[in-house]
Amino acid sequence: MGEKGGATWSDGRIFTDQLGHMVNLQPAWLPKNDFAANFEAKTRHWVDHFQLDTPNLAPAEDGLRVQQMLDAVYASAAQGGQEVVIPQT
């Protein structure tokens, strides 16, 4: 999952290095290891955004940026690991 860190989708854990020590982090707002509860929380947030005009925690611009990063990963692999610059949007 890279050399700087990683994450799991199912329970939202993030693996990284802090102050020279490997740590596992988990956002406190996600229910632990409960896919149904996680899905419900994400769906409720999405519905609230449209019905109640609450802030969107996952705007389309973020999704676009993630896709650009994934495209760059594949492009880098195709170029033998060369750096791929992601244009600023």
Side-chain angles (χ1 to χ4, degrees):
M1 297 198 68
E3 59 187 55
K4 304 284 184 187
T8 61
W9 178 256
S10 60
D11 59 5
R13 286 182 296 149
I14 300 167
F15 311 103
T16 189
D17 182 74
Q18 289 185 347
L19 302 173
H21 298 282
M22 190 67 179
V23 295
N24 301 342
L25 308 171
Q26 185 171 26
W29 52 270
L30 281 178
K32 295 187 186 318
N33 296 323
D34 187 345
F35 179 81
N38 290 345
F39 184 79
E40 181 179 347
K42 291 174 185 178
T43 303
R44 172 56 40 209
H45 165 74
W46 185 77
V47 170
D48 286 349
H49 169 67
F50 290 103
Q51 289 185 337
L52 306 174
D53 199 29
T54 58
N56 185 359
L57 298 178
E61 295 83 4
D62 291 355
L64 174 61
R65 196 66 171 162
V66 169
Q67 187 59 53
Q68 289 171 327
M69 289 188 287
L70 292 171
D71 291 346
V73 167
Y74 282 102
S76 174
Q79 298 172 20
Q82 294 296 312
E83 178 182 3
V84 173
V85 177
I86 300 171
Q88 294 293 322
T89 55

In the hydrophobic clustering that connects Ile, Leu, Val, Met, Phe, Trp and Tyr at side-chain heavy-atom distances below 4.5 Å, which members other than [X] occupy its cluster, ordered by chain and number?
{"X": "Ile14", "value": "Val23, Leu25"}
{"X": "Leu64", "value": "none"}
{"X": "Ile86", "value": "Val66, Met69, Leu70"}

Set of residues satisfying side chain to side chain donor-acceptor pair (under 3.5 Å) with respect to Gln68, sequence neighbours excluded: Arg65
Residues that Asn56 engages under side chain to side chain contact (heavy atoms under 4.5 Å, CB included), provided they are two or more places apart: His45, His49, Ala58, Pro59
Pairs touching residues 71-80 that satisfy side-chain hydrogen bond (donor to acceptor under 3.5 Å, both in side chains), sequence neighbours left out: Gln67-Asp71
Joint hydrophobic cluster, Phe50 plus Leu52, side-chain heavy atoms closer than 4.5 Å: no
Salt bridge (charged side-chain N to carboxylate O under 4.0 Å, His left out): which pairs involve residues 46-61, sequence neighbours left out? Arg44-Asp48
